[in-house]
Structures are given as structure tokens and as C-alpha cells.
Protein chains: 2
Amino acid sequence: MTTQQLTKNQGLVFDVLSHSDSPLSAYTILDKLRDNGFRAPLQVYRALDKLLEFGLVHRLESINAFVACAHPNEGCHNHGITAFTICETCGKVTEFHDHVIEDRLKAFAKDRNFKTGKTTIEIRGTCAGCA
Amino acid sequence: MTTQQLTKNQGLVFDVLSHSDSPLSAYTILDKLRDNGFRAPLQVYRALDKLLEFGLVHRLESINAFVACAHPNEGCHNHGITAFTICETCGKVTEFHDHVIEDRLKAFAKDRNFKTGKTTIEIRGTCAGCA
DNA sequence: AATGTGAATGTAATGTTATTACATCAATTG
DNA sequence: CAATTGATGTAATAACATTACATTCACATT
Ligand SMILES: [Zn+2]
Ligand SMILES: [Zn+2]
Ligand SMILES: [Zn+2]
Ligand SMILES: [Zn+2]
């Protein structure tokens, strides 16, 4: 999935997220795109839905915000659980995969016949630069 | 921490959560406590804040809801990260601790000098009973 | 018992995040 | 050129959470 087959609105939203150095809320994105003709939240949410589906963007559940994927070309949403550190001071987000963690979670679910859907792992705290 | 040193509002909110078989939103709790004199969201949020602080209740970030701790007497919020499975069909929540996962997350953070605060691990999916 | 203090509560208003509903437009295809 | 499908525009509303300020309660000190 490259950025070229995105629609106009999807491209605009992805562009805003790509150029941000911290996660953005849907309404912040909306404000940044007013000059591009965005008028309503739904325009942002619809674009975000698609971008999430494409694996170009992640939603950070613990802060109700969105961030561009750090390695969109590797199809990160297709190979496992993505975990995040989120700096509460500067907003910096780091994305990582850990197969041990993933295996433990899968094992736990399997033991209980729990069918795993989307999994969230988010560590809020303070990054090295802000300590 | 026992339920006895709770204030009236804290006790009412904890009671509602304890007797629920699925997580509840703050506004659902409010509705359930109207007959007990609750009139405004803040009454619920204030009680929840304290209950979270006491480790009697957990907040599920991915669904904006709250659940009573499954083992409040073990001070679960004092010994490590709590992970959850959340059934999207029936709402059933299972709480667990995994030291391997915790160690991996801590190691990742330590490697990057990231100071860990609250950590969220939530698996949404379908429980055995709903499969 | 009176007073002072901090925690908890009551209430209204507002702020923030997300969805529903419905009309319109654009691209594709048979 | 219909017909279908996906995308967009717009308004309204729902759902979740906080700010601000006044009041009351619990309890220790005098
Ligand atoms: Zn990613
Ligand atoms: Zn930082
Ligand atoms: Zn617990
Ligand atoms: Zn279930």
C-alpha cells in the first residue's frame, strides 16, 4: 500500500499525520485541514478509518489520538501486534514489535479459547529527551 | 484496602461495578445511581478516580469503560501490569498478570531510557462462551 | 462546644471525542 | 447510458470528560 492510491481526503489526513511530530486528535486534524476544505469531523473520521484499514495509521487508544505508522511499507499491521511508548511530555511515540510478548498473549488467549481481535499495548511515560 | 473506608459515593459506584457482569461507562453508572441521588457525571468521575487510585477498579482504555478489579485484596495494581481480555459480544473481562510480558516491556523501556508510567494491555475479541 | 482544616459533594456549564442520518458526487462497469 | 459502488458534504446528535465555584462533611485542635 503506497500513499498514491489514497483519495484526496485520505491523502490530506495522512499528510498531516506524517508531518506531525506527535499524535493528533481527529479534531486537531480537522482544524489543520480547514483551509483545504474540511468542514466536519466525519471527513476526518472517514479518512482515518481507511488509513487504519490500510495500516498507514495507528490509533492510540489511551489518548484518543492518531499517529502515522513508523514503517508503513513493511505492512506492520499485517505482522503482529504493535506496541507503543508514548511520552506524556512531548508526545513522542515509538512503535515496536515483540514476538515474545505476542506469543505470551496468544498463548493466554488460546488456553481460554478466547478469539483474539485487536490488541492494544501502550506504555505512557516520559521519553529520554524529556527526563 | 477494604470497601469499608469508602465514602458514600465511592461505595455506591463500587457496588454498581461489583455487581455488573460487564464493564460500565461512567454515564451508565450515573444512570444506575439516579435513584440514589446522583445527578451529574462529576459525581461518578470523582468516585472512579478514587477507586482507581485504591486499585479497586480498572479503566479499560480501549472501550472507555470501567470494571471492578477481579482480586482487589491482592493489591493487584501494586504488583505489576494488569492485562485484560475483553469480549466484544458479552462484555466479559478477564484480568491477568504475566511477568514475562512485564519484563519484556520494562526491558524495552529501559533500553531507551523511557520512564514507564501507566501501561495498558487490552485484547479485544470473543470469549469461549460467545464463540 | 466552637473553630479550623482538608476532603468530599452538589450543580451548572462547557469542552472533547465520535456517530447517525441523509443527500450528493465520482468512478467503474455492463 | 443505467446501475452499482465508494467517496464526499453537511447537519444534527450522542457519548465521554473536565472546569469552575459554592457548599457540606469529617475530624482534629482548642
Ligand atoms: Zn506501524
Ligand atoms: Zn518526550
Ligand atoms: Zn485488578
Ligand atoms: Zn463473550
Side-chain angles (χ1 to χ4, degrees), chain A residues 1-17 20 22-54 56-67 86 88 91 118 120 122 124, chain B residues 1-17 20 22-54 56-67 86 88 91 118 120 122 124:
Chain A
M1 168 59 60
T2 77
T3 178
Q4 312 206 340
Q5 52 204 287
L6 298 180
T7 66
K8 182 177 159 243
N9 286 3
Q10 289 160 18
L12 287 166
V13 169
F14 182 66
D15 210 50
V16 166
L17 282 174
S20 173
S22 62
L24 299 176
S25 76
Y27 279 75
T28 300
I29 295 169
L30 174 56
D31 285 341
K32 288 182 184 296
L33 290 174
R34 297 247 182 230
D35 291 344
N36 294 278
F38 274 49
R39 309 286 307 160
L42 196 50
Q43 294 175 287
V44 177
Y45 283 111
R46 283 200 279 227
L48 285 171
D49 283 346
K50 284 298 178 182
L51 294 170
L52 289 166
E53 185 184 321
F54 299 155
L56 293 175
V57 161
H58 298 287
R59 176 184 167 83
L60 301 174
E61 308 282 357
S62 65
I63 60 170
N64 296 325
F66 302 85
V67 69
I86 305 168
E88 290 175 314
K118 188 171 186 319
T120 297
E122 297 176 14
R124 268 106 65 223
Chain B
M1 170 59 60
T2 76
T3 179
Q4 312 204 340
Q5 52 204 286
L6 298 180
T7 66
K8 182 177 160 242
N9 286 4
Q10 289 161 18
L12 287 166
V13 169
F14 183 65
D15 210 51
V16 167
L17 281 175
S20 173
S22 62
L24 300 176
S25 75
Y27 278 76
T28 302
I29 295 169
L30 174 57
D31 286 341
K32 289 184 183 295
L33 289 174
R34 298 248 181 228
D35 292 345
N36 295 279
F38 274 49
R39 310 284 307 158
L42 195 49
Q43 294 175 288
V44 178
Y45 283 110
R46 283 200 279 226
L48 286 171
D49 283 346
K50 285 296 178 184
L51 294 170
L52 289 166
E53 185 183 318
F54 299 154
L56 293 174
V57 160
H58 297 287
R59 174 183 168 82
L60 302 175
E61 308 282 358
S62 65
I63 60 172
N64 295 328
F66 301 86
V67 68
I86 306 168
E88 290 175 314
K118 188 172 187 314
T120 297
E122 297 176 14
R124 268 108 62 224

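Lettering of chains follows the sequences in order, A, B, ..., and the numbering in each one begins at 1. None of these values were measured; they are calculated from a predicted model.
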Review point. What is the minimum heavy-atom distance between B:V44 and B:A26, and which atoms define it?
Key: CG1-O, 3.6 Å
Exercise for review: Could you state the atom-to-atom distance from CG of A:L6 to P of C:dA26 in whole Å?
Suggested key: 20 Å
Practice item. Look at the side chain of A:P41 and decide which nucleotide, out of D:dA17, C:dT19, C:dT9, has an atom nearest to it. Key: C:dT19
Check your understanding: Considering only D:dA17, D:dT10, C:dT11, which nucleotide approaches the side chain of A:Q43 most closely?
Key -> D:dT10
Revision key, fill the gap. Looking only at C:dT17, C:dA8, D:dA17, the nucleotide nearest the A:N64 side chain is C:dT17
Review point. Between D:dC16 atom P and B:L60 atom CG, what is the distance in whole Å?
Key: 13 Å
Exercise for review: Would you kindly compare A:A47 and B:R59 by the position of their nearest DNA chain D nucleotide and give the one closer to the 5′ end?
Suggested key: A:A47
Point to revise | Donor/acceptor link under 3.5 angstrom from B:Y27 side chain onto base of D:dA14 | key: no
Point to revise | Spacing between A:N9 atom CG and C:dC25 atom P, to the nearest angstrom | key: 16 Å
Review point. Expressed in angstrom and rounded to an integer, what is the separation of A:Q5 atom CD from D:dA7 atom P?
Key: 11 Å
Review point. Quick one: does A:E122's side chain have a donor or acceptor within less than 3.5 Å of a partner on A:E61's backbone?
Key: yes
Practice item. Determine, for A:R34 against A:D31, whether the closest basic-nitrogen to carboxylate-oxygen distance falls under 4.0 angstrom. Key: yes
**Study point:** Nearest-angstrom distance from the residue atom CD1 of A:I29 to P of C:dT17
**Key:** 11 Å
Review point. Can a donor-acceptor pair be found between the side chains of B:R124 and A:T120 at a distance below 3.5 Å?
Key: yes
Practice item. To the nearest Å, give me how far apart CG (A:L12) and C1' (D:dA7) are. Key: 14 Å
Review point. So do the side chains of B:Q5 and B:F54 get within less than 4.5 Å of each other, counting heavy atoms only?
Key: no
Exercise for review: Could you check B:R39 against B:K50 and say which one's nearest nucleotide on DNA chain C is further toward the 5' end?
Suggested key: B:K50
Point to revise | Integer-rounded Å distance: C:dT19 P and A:L30 CG | key: 15 Å
Review point. Going by modelled atom types, is there a donor-acceptor pair between the base of D:dG6 and the side chain of A:R46 at under 3.5 Å?
Key: no
**Study point:** Length of the line joining B:L42:CG and C:dG15:P, which is rounded to integer Å
**Key:** 16 Å
Review point. Can you find a side chain N or O atom of B:T7 that sits less than 4.0 Å from OP1 or OP2 on C:dA8?
Key: no
Point to revise | Minimum-distance nucleotide to B:F66 side chain [options: C:dA21, D:dA17, C:dT17] | key: D:dA17
